[in-house]
Number of protein chains: 2
Amino acid sequence: MDEIDHKLLRALQRNSRCPIKSMSQEVSLSSPAVSARIERLERQGIIRGYTLDVDPLQLGHHILAYINLDMTPNEKPKFIPFIASVPNVIECNCVTGAYSMLIKVSYPSTQELDSFIGQLQQFGKTETQIVFSSPVPPRGIAL
Amino acid sequence: MDEIDHKLLRALQRNSRCPIKSMSQEVSLSSPAVSARIERLERQGIIRGYTLDVDPLQLGHHILAYINLDMTPNEKPKFIPFIASVPNVIECNCVTGAYSMLIKVSYPSTQELDSFIGQLQQFGKTETQIVFSSPVPPRGIAL
DNA sequence: GATGAAACAGCCGAGCT
DNA sequence: AGCTCGGCTGTTTCATC
(Lines give C-alpha, C1' and ligand atoms only; values in the text may rest on other atoms or scores of the structure.)
Protein backbone atom coordinates (compact mmCIF):
# COMPACT_ATOMS: atom_id res chain seq x y z
CA MET A 1 0.00 0.00 0.00
CA ASP A 2 2.04 2.92 -1.24
CA GLU A 3 1.02 6.27 -2.73
CA ILE A 4 0.52 4.67 -6.16
CA ASP A 5 -2.01 2.20 -4.76
CA HIS A 6 -3.83 5.12 -3.17
CA LYS A 7 -3.96 6.94 -6.49
CA LEU A 8 -5.37 3.84 -8.20
CA LEU A 9 -8.04 3.45 -5.50
CA ARG A 10 -8.99 7.12 -5.84
CA ALA A 11 -9.24 6.80 -9.62
CA LEU A 12 -11.46 3.72 -9.32
CA GLN A 13 -13.55 5.39 -6.64
CA ARG A 14 -14.24 8.27 -9.03
CA ASN A 15 -14.99 5.92 -11.91
CA SER A 16 -14.67 2.19 -11.45
CA ARG A 17 -15.00 1.60 -15.20
CA CYS A 18 -11.87 3.66 -15.77
CA PRO A 19 -9.58 1.81 -18.25
CA ILE A 20 -6.30 0.40 -16.93
CA LYS A 21 -4.38 2.31 -19.60
CA SER A 22 -5.61 5.73 -18.51
CA MET A 23 -4.74 4.90 -14.90
CA SER A 24 -1.32 3.69 -15.96
CA GLN A 25 -0.43 7.05 -17.49
CA GLU A 26 -1.80 8.89 -14.46
CA VAL A 27 0.66 7.06 -12.21
CA SER A 28 3.43 6.83 -14.85
CA LEU A 29 3.56 3.04 -14.91
CA SER A 30 2.95 0.38 -17.54
CA SER A 31 -0.45 -1.25 -17.97
CA PRO A 32 0.68 -4.70 -16.75
CA ALA A 33 2.16 -3.15 -13.62
CA VAL A 34 -1.14 -1.39 -12.84
CA SER A 35 -3.10 -4.52 -13.65
CA ALA A 36 -0.96 -6.53 -11.22
CA ARG A 37 -1.41 -3.95 -8.46
CA ILE A 38 -5.18 -3.97 -8.86
CA GLU A 39 -5.30 -7.77 -8.81
CA ARG A 40 -3.27 -7.69 -5.61
CA LEU A 41 -5.65 -5.17 -4.02
CA GLU A 42 -8.55 -7.46 -4.96
CA ARG A 43 -6.84 -10.56 -3.51
CA GLN A 44 -6.03 -8.72 -0.28
CA GLY A 45 -9.68 -7.77 0.06
CA ILE A 46 -8.91 -4.05 0.07
CA ILE A 47 -11.01 -3.83 -3.08
CA ARG A 48 -14.24 -5.65 -2.21
CA GLY A 49 -16.07 -4.94 -5.43
CA TYR A 50 -17.03 -2.54 -8.18
CA THR A 51 -20.47 -1.09 -7.77
CA LEU A 52 -22.98 1.29 -9.24
CA ASP A 53 -24.35 4.61 -8.05
CA VAL A 54 -27.97 4.96 -9.17
CA ASP A 55 -30.51 7.71 -8.52
CA PRO A 56 -33.18 6.21 -6.22
CA LEU A 57 -35.73 8.89 -7.16
CA GLN A 58 -35.62 8.04 -10.85
CA LEU A 59 -36.29 4.42 -9.93
CA GLY A 60 -39.38 5.31 -7.94
CA HIS A 61 -37.79 5.13 -4.49
CA HIS A 62 -38.94 8.48 -3.09
CA ILE A 63 -38.57 7.71 0.60
CA LEU A 64 -35.22 7.21 2.30
CA ALA A 65 -35.30 6.61 6.04
CA TYR A 66 -33.28 5.57 9.07
CA ILE A 67 -35.02 3.39 11.62
CA ASN A 68 -33.71 2.93 15.15
CA LEU A 69 -34.75 -0.35 16.72
CA ASP A 70 -34.55 -1.25 20.39
CA MET A 71 -34.34 -5.02 20.71
CA THR A 72 -33.48 -7.51 23.44
CA PRO A 73 -30.34 -9.56 22.57
CA ASN A 74 -32.24 -12.87 22.40
CA GLU A 75 -34.40 -11.57 19.53
CA LYS A 76 -31.28 -11.19 17.39
CA PRO A 77 -31.10 -14.75 15.96
CA LYS A 78 -34.60 -14.33 14.54
CA PHE A 79 -34.00 -10.73 13.49
CA ILE A 80 -30.83 -11.08 11.41
CA PRO A 81 -32.20 -13.49 8.76
CA PHE A 82 -35.37 -11.42 8.54
CA ILE A 83 -33.65 -8.10 7.99
CA ALA A 84 -31.16 -9.53 5.49
CA SER A 85 -34.05 -10.88 3.40
CA VAL A 86 -35.75 -7.49 2.93
CA PRO A 87 -34.44 -6.03 -0.33
CA ASN A 88 -35.28 -2.46 0.65
CA VAL A 89 -32.82 -2.58 3.53
CA ILE A 90 -29.71 -0.71 2.42
CA GLU A 91 -27.78 -1.06 5.68
CA CYS A 92 -28.27 -2.56 9.10
CA ASN A 93 -25.84 -1.78 11.90
CA CYS A 94 -25.50 -2.74 15.55
CA VAL A 95 -24.81 0.50 17.37
CA THR A 96 -24.08 1.95 20.79
CA GLY A 97 -26.66 4.08 22.58
CA ALA A 98 -30.31 3.84 23.50
CA TYR A 99 -31.19 1.80 20.41
CA SER A 100 -29.46 -1.42 19.43
CA MET A 101 -29.94 -1.33 15.66
CA LEU A 102 -29.80 1.41 13.04
CA ILE A 103 -31.43 0.40 9.77
CA LYS A 104 -31.35 2.35 6.51
CA VAL A 105 -34.15 1.65 4.04
CA SER A 106 -35.52 3.00 0.77
CA TYR A 107 -39.17 2.68 -0.28
CA PRO A 108 -41.37 4.00 -3.08
CA SER A 109 -43.64 5.79 -0.61
CA THR A 110 -44.39 6.24 3.08
CA GLN A 111 -47.08 3.61 2.78
CA GLU A 112 -44.64 0.75 2.14
CA LEU A 113 -42.29 2.19 4.77
CA ASP A 114 -45.10 2.17 7.31
CA SER A 115 -45.90 -1.44 6.52
CA PHE A 116 -42.24 -2.40 7.03
CA ILE A 117 -42.07 -0.58 10.36
CA GLY A 118 -45.15 -2.54 11.39
CA GLN A 119 -43.24 -5.76 10.80
CA LEU A 120 -40.21 -4.43 12.67
CA GLN A 121 -42.24 -3.66 15.78
CA GLN A 122 -42.58 -7.33 16.63
CA PHE A 123 -38.87 -7.17 17.50
CA GLY A 124 -38.98 -4.04 19.64
CA LYS A 125 -39.59 -0.32 19.84
CA THR A 126 -38.74 1.78 16.78
CA GLU A 127 -37.99 5.41 16.08
CA THR A 128 -37.92 6.57 12.47
CA GLN A 129 -36.04 9.42 10.84
CA ILE A 130 -37.12 10.23 7.30
CA VAL A 131 -34.54 11.93 5.05
CA PHE A 132 -35.55 15.32 3.60
CA SER A 133 -32.37 16.07 1.74
CA SER A 134 -28.70 15.09 1.58
CA PRO A 135 -26.30 18.07 1.67
CA VAL A 136 -23.48 15.51 1.38
CA PRO A 137 -24.70 12.71 -0.88
CA PRO A 138 -23.38 9.21 -0.04
CA ARG A 139 -19.73 8.94 -1.00
CA GLY A 140 -16.78 6.63 -0.45
CA ILE A 141 -14.38 6.81 2.46
CA ALA A 142 -11.45 9.19 2.34
CA LEU A 143 -8.42 7.65 0.65
CA MET B 1 -36.89 1.64 -18.45
CA ASP B 2 -37.96 -1.88 -19.33
CA GLU B 3 -36.96 -5.23 -17.88
CA ILE B 4 -33.76 -5.28 -19.94
CA ASP B 5 -32.61 -1.98 -18.42
CA HIS B 6 -33.27 -3.43 -14.98
CA LYS B 7 -31.14 -6.47 -15.79
CA LEU B 8 -28.30 -4.25 -16.97
CA LEU B 9 -28.49 -2.15 -13.80
CA ARG B 10 -28.45 -5.29 -11.66
CA ALA B 11 -25.44 -6.64 -13.55
CA LEU B 12 -23.54 -3.37 -13.10
CA GLN B 13 -24.55 -3.20 -9.45
CA ARG B 14 -22.99 -6.63 -8.88
CA ASN B 15 -19.87 -5.71 -10.86
CA SER B 16 -19.59 -2.33 -12.52
CA ARG B 17 -16.48 -3.42 -14.46
CA CYS B 18 -18.52 -6.13 -16.13
CA PRO B 19 -17.74 -6.13 -19.90
CA ILE B 20 -20.49 -4.98 -22.25
CA LYS B 21 -20.23 -8.20 -24.21
CA SER B 22 -21.01 -10.46 -21.27
CA MET B 23 -24.02 -8.28 -20.42
CA SER B 24 -25.17 -8.40 -24.02
CA GLN B 25 -25.40 -12.19 -24.01
CA GLU B 26 -27.17 -12.15 -20.64
CA VAL B 27 -29.95 -10.04 -22.11
CA SER B 28 -29.72 -11.57 -25.62
CA LEU B 29 -28.91 -8.33 -27.38
CA SER B 30 -25.99 -7.09 -29.45
CA SER B 31 -23.11 -5.19 -27.84
CA PRO B 32 -23.93 -1.86 -29.52
CA ALA B 33 -27.54 -2.12 -28.33
CA VAL B 34 -26.39 -2.64 -24.73
CA SER B 35 -23.85 0.15 -25.07
CA ALA B 36 -26.55 2.53 -26.30
CA ARG B 37 -28.87 1.62 -23.43
CA ILE B 38 -26.17 2.24 -20.86
CA GLU B 39 -25.27 5.59 -22.40
CA ARG B 40 -28.94 6.53 -22.25
CA LEU B 41 -29.17 5.54 -18.58
CA GLU B 42 -26.12 7.72 -17.91
CA ARG B 43 -27.57 10.70 -19.79
CA GLN B 44 -30.90 10.37 -17.97
CA GLY B 45 -29.01 10.43 -14.66
CA ILE B 46 -30.37 7.06 -13.61
CA ILE B 47 -26.76 5.90 -13.55
CA ARG B 48 -24.92 8.55 -11.52
CA GLY B 49 -21.54 6.86 -11.54
CA TYR B 50 -19.43 3.77 -11.19
CA THR B 51 -17.84 3.41 -7.82
CA LEU B 52 -15.64 1.24 -5.67
CA ASP B 53 -16.36 -0.82 -2.59
CA VAL B 54 -13.29 -0.82 -0.36
CA ASP B 55 -12.73 -2.37 3.05
CA PRO B 56 -12.43 0.54 5.52
CA LEU B 57 -10.66 -1.62 8.14
CA GLN B 58 -7.82 -2.52 5.79
CA LEU B 59 -7.32 1.19 5.13
CA GLY B 60 -7.01 1.97 8.81
CA HIS B 61 -10.55 3.29 9.32
CA HIS B 62 -11.58 1.29 12.37
CA ILE B 63 -14.38 3.51 13.64
CA LEU B 64 -17.66 3.96 11.82
CA ALA B 65 -20.24 6.18 13.50
CA TYR B 66 -23.53 8.00 13.08
CA ILE B 67 -23.82 11.40 14.67
CA ASN B 68 -27.16 13.10 15.32
CA LEU B 69 -26.94 16.86 15.40
CA ASP B 70 -29.55 19.27 16.71
CA MET B 71 -29.10 22.63 15.02
CA THR B 72 -31.14 25.80 14.64
CA PRO B 73 -32.06 26.50 10.98
CA ASN B 74 -29.99 29.70 10.80
CA GLU B 75 -26.77 27.76 11.50
CA LYS B 76 -27.28 25.80 8.31
CA PRO B 77 -25.58 28.21 5.85
CA LYS B 78 -22.38 27.97 7.90
CA PHE B 79 -22.76 24.26 8.55
CA ILE B 80 -23.20 22.92 4.99
CA PRO B 81 -19.85 24.13 3.56
CA PHE B 82 -18.10 22.94 6.72
CA ILE B 83 -19.53 19.44 6.67
CA ALA B 84 -18.96 19.01 2.94
CA SER B 85 -15.29 19.88 3.39
CA VAL B 86 -14.59 17.12 5.91
CA PRO B 87 -13.35 14.10 3.94
CA ASN B 88 -14.30 11.62 6.67
CA VAL B 89 -17.98 12.49 6.26
CA ILE B 90 -19.58 9.69 4.25
CA GLU B 91 -23.13 11.02 4.36
CA CYS B 92 -25.02 13.97 5.77
CA ASN B 93 -28.80 14.00 5.76
CA CYS B 94 -31.48 16.40 6.95
CA VAL B 95 -33.97 14.25 8.83
CA THR B 96 -37.27 14.38 10.68
CA GLY B 97 -37.38 13.90 14.43
CA ALA B 98 -35.65 15.30 17.48
CA TYR B 99 -32.37 15.89 15.63
CA SER B 100 -32.08 17.87 12.41
CA MET B 101 -29.01 16.19 10.89
CA LEU B 102 -27.80 12.63 10.69
CA ILE B 103 -24.13 12.38 9.76
CA LYS B 104 -22.19 9.22 8.92
CA VAL B 105 -18.43 9.33 9.41
CA SER B 106 -15.44 7.00 9.36
CA TYR B 107 -12.24 7.61 11.37
CA PRO B 108 -9.05 5.71 12.16
CA SER B 109 -9.80 5.77 15.89
CA THR B 110 -12.15 7.18 18.50
CA GLN B 111 -9.63 9.93 19.14
CA GLU B 112 -10.10 11.54 15.73
CA LEU B 113 -13.85 10.97 15.99
CA ASP B 114 -13.92 12.76 19.33
CA SER B 115 -12.03 15.70 17.89
CA PHE B 116 -14.55 15.95 15.04
CA ILE B 117 -17.50 15.83 17.43
CA GLY B 118 -15.86 18.65 19.34
CA GLN B 119 -15.94 20.77 16.19
CA LEU B 120 -19.55 19.79 15.52
CA GLN B 121 -20.71 20.97 18.92
CA GLN B 122 -20.29 24.60 17.96
CA PHE B 123 -23.37 24.05 15.76
CA GLY B 124 -25.54 22.29 18.34
CA LYS B 125 -26.11 19.30 20.57
CA THR B 126 -24.88 15.92 19.32
CA GLU B 127 -25.63 12.31 20.05
CA THR B 128 -23.27 9.68 18.68
CA GLN B 129 -23.91 6.06 17.75
CA ILE B 130 -20.79 3.99 17.11
CA VAL B 131 -21.16 0.97 14.83
CA PHE B 132 -20.19 -2.40 16.34
CA SER B 133 -21.02 -4.61 13.40
CA SER B 134 -23.07 -4.61 10.19
CA PRO B 135 -25.32 -7.67 9.81
CA VAL B 136 -26.35 -6.22 6.45
CA PRO B 137 -23.31 -4.52 4.95
CA PRO B 138 -24.00 -1.42 2.82
CA ARG B 139 -25.56 -2.44 -0.45
CA GLY B 140 -27.34 -0.82 -3.39
CA ILE B 141 -31.05 -0.18 -3.58
CA ALA B 142 -33.37 -2.92 -4.75
CA LEU B 143 -33.72 -3.01 -8.54
C1' DG C 1 -31.68 -3.26 -33.07
C1' DA C 2 -28.26 -6.21 -35.91
C1' DT C 3 -24.10 -6.84 -38.59
C1' DG C 4 -19.26 -6.24 -39.96
C1' DA C 5 -14.91 -3.55 -39.86
C1' DA C 6 -11.69 -0.71 -37.57
C1' DA C 7 -9.69 1.10 -33.32
C1' DC C 8 -8.73 0.26 -28.87
C1' DA C 9 -7.70 -1.90 -24.48
C1' DG C 10 -6.34 -5.92 -21.77
C1' DC C 11 -3.52 -10.14 -21.36
C1' DC C 12 0.56 -13.06 -21.72
C1' DG C 13 4.95 -13.85 -23.07
C1' DA C 14 10.24 -12.44 -23.42
C1' DG C 15 14.02 -9.45 -22.27
C1' DC C 16 15.86 -6.07 -19.31
C1' DT C 17 17.40 -3.42 -15.07
C1' DA D 1 11.99 -9.99 -8.31
C1' DG D 2 9.71 -6.47 -10.63
C1' DC D 3 9.16 -3.46 -14.56
C1' DT D 4 8.92 -2.47 -19.52
C1' DC D 5 8.24 -3.68 -24.24
C1' DG D 6 6.46 -6.64 -27.72
C1' DG D 7 2.53 -9.31 -30.05
C1' DC D 8 -2.00 -11.49 -29.68
C1' DT D 9 -6.75 -11.85 -28.26
C1' DG D 10 -10.98 -9.93 -27.12
C1' DT D 11 -13.85 -5.86 -26.60
C1' DT D 12 -15.78 -1.50 -27.86
C1' DT D 13 -17.25 1.60 -31.24
C1' DC D 14 -18.74 3.40 -35.71
C1' DA D 15 -21.03 3.09 -40.19
C1' DT D 16 -24.37 0.70 -42.67
C1' DC D 17 -28.50 -2.05 -43.41
Side-chain angles (χ1 to χ4, degrees), chain A residues 1-61 87 108 137-143, chain B residues 1-62 108 137-143:
Chain A
M1 276 302 299
D2 56 6
E3 182 50 34
I4 292 179
D5 286 330
H6 271 90
K7 278 190 187 174
L8 297 176
L9 288 176
R10 273 194 292 270
L12 287 170
Q13 188 170 265
R14 264 197 310 277
N15 174 21
S16 61
R17 283 184 77 83
C18 172
I20 302 243
K21 194 178 182 182
S22 82
M23 287 191 271
S24 69
Q25 41 208 44
E26 264 189 54
V27 300
S28 308
L29 247 63
S30 70
S31 303
V34 169
S35 200
R37 278 170 180 269
I38 288 175
E39 276 176 31
R40 180 174 51 73
L41 291 168
E42 289 172 355
R43 271 199 316 277
Q44 291 179 326
I46 293 176
I47 292 179
R48 285 197 293 217
Y50 304 95
T51 165
L52 191 64
D53 181 16
V54 296
D55 184 354
L57 265 66
Q58 292 213 42
L59 281 117
H61 284 59
R139 62 187 186 193
I141 72 163
L143 298 173
Chain B
M1 275 303 298
D2 56 8
E3 182 51 32
I4 291 179
D5 287 329
H6 272 90
K7 279 190 186 174
L8 297 176
L9 290 176
R10 273 193 294 269
L12 288 170
Q13 188 170 264
R14 264 196 310 279
N15 174 22
S16 60
R17 283 186 78 84
C18 172
I20 303 250
K21 193 180 184 182
S22 81
M23 288 191 272
S24 69
Q25 40 208 44
E26 263 188 54
V27 300
S28 308
L29 247 66
S30 69
S31 302
V34 169
S35 200
R37 277 170 181 268
I38 289 174
E39 275 175 31
R40 180 175 49 74
L41 290 168
E42 289 170 355
R43 270 200 317 277
Q44 291 180 327
I46 294 176
I47 292 179
R48 284 197 292 217
Y50 304 95
T51 162
L52 191 62
D53 180 18
V54 295
D55 184 356
L57 265 67
Q58 292 212 46
L59 281 115
H61 283 60
H62 297 275
R139 62 186 185 193
I141 72 163
L143 299 173

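Chain naming here is simple, since letters A, B, ... match the order of the sequence lines and numbering starts at 1 in each.
A donor-acceptor pair is defined here as one N or O able to donate and one able to accept, closer than 3.5 Å; no such pair exists between the side chain of A:Ser35 and the backbone of A:Pro32.
Residue B:Arg37 places at least one side-chain N or O closer than 4.0 Å to OP1 or OP2 of C:dG1.
Terminal axes of the helix from C:dG1-D:dC17 to C:dT17-D:dA1 (five pairs each, C1' rotation axis) are separated by 30°, to the nearest 10°.
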Atom pairs under 3.5 Å: protein N/O with N/O of nucleotides 10-13 of chain C:
| residue | atom | partner | partner atom | Å |
| --- | --- | --- | --- | --- |
| C:dG10 | OP1 | A:Ile20 | N | 2.8 |
| C:dG10 | OP2 | A:Ile20 | N | 3.2 |
| C:dG10 | OP2 | A:Lys21 | N | 2.9 |
| C:dC11 | OP2 | A:Ser35 | OG | 3.2 |

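In this structure, A:Arg40 atom CZ and D:dA1 atom C1' are separated by 14 Å, rounded to whole Å. Here the P atom of nucleotide D:dT13 and the CG atom of B:Leu29 are 15 Å apart, to the nearest Å. Here C:dA9 presents its P atom at 15 Å from CD1 of A:Ile38, a figure rounded to the nearest Å.
By the salt bridge (Lys or Arg N to Asp or Glu O under 4.0 Å) test, A:Arg48 is found to be paired with B:Asp53, B:Asp55, residues two or more places apart in sequence or in another chain being considered.
For the atom pair CG of A:Leu52 and CZ of B:Arg10, the computed distance is 12.5 Å after rounding to the nearest 0.5 Å. Of the inter-residue distances, the one linking B:Arg14 atom CZ with B:Leu143 atom CG reads 10.0 Å to the nearest 0.5 angstrom. To the nearest 0.5 Å, atoms CD (A:Glu26) and NZ (A:Lys7) are separated by 8.0 Å.
Side-chain contact between A:Asp2 and A:Arg37 is present, with heavy atoms from C-beta onward closer than 4.5 Å. Within the 4.5 Å cutoff, the side chain of B:Met1 has heavy atoms near those of the B:Leu41 side chain.
When A:Arg40, A:Glu39, A:Glu42 are each tested for a side chain to side chain contact (heavy atoms under 4.5 Å, CB included) with A:Ile47, only one passes: A:Glu42.
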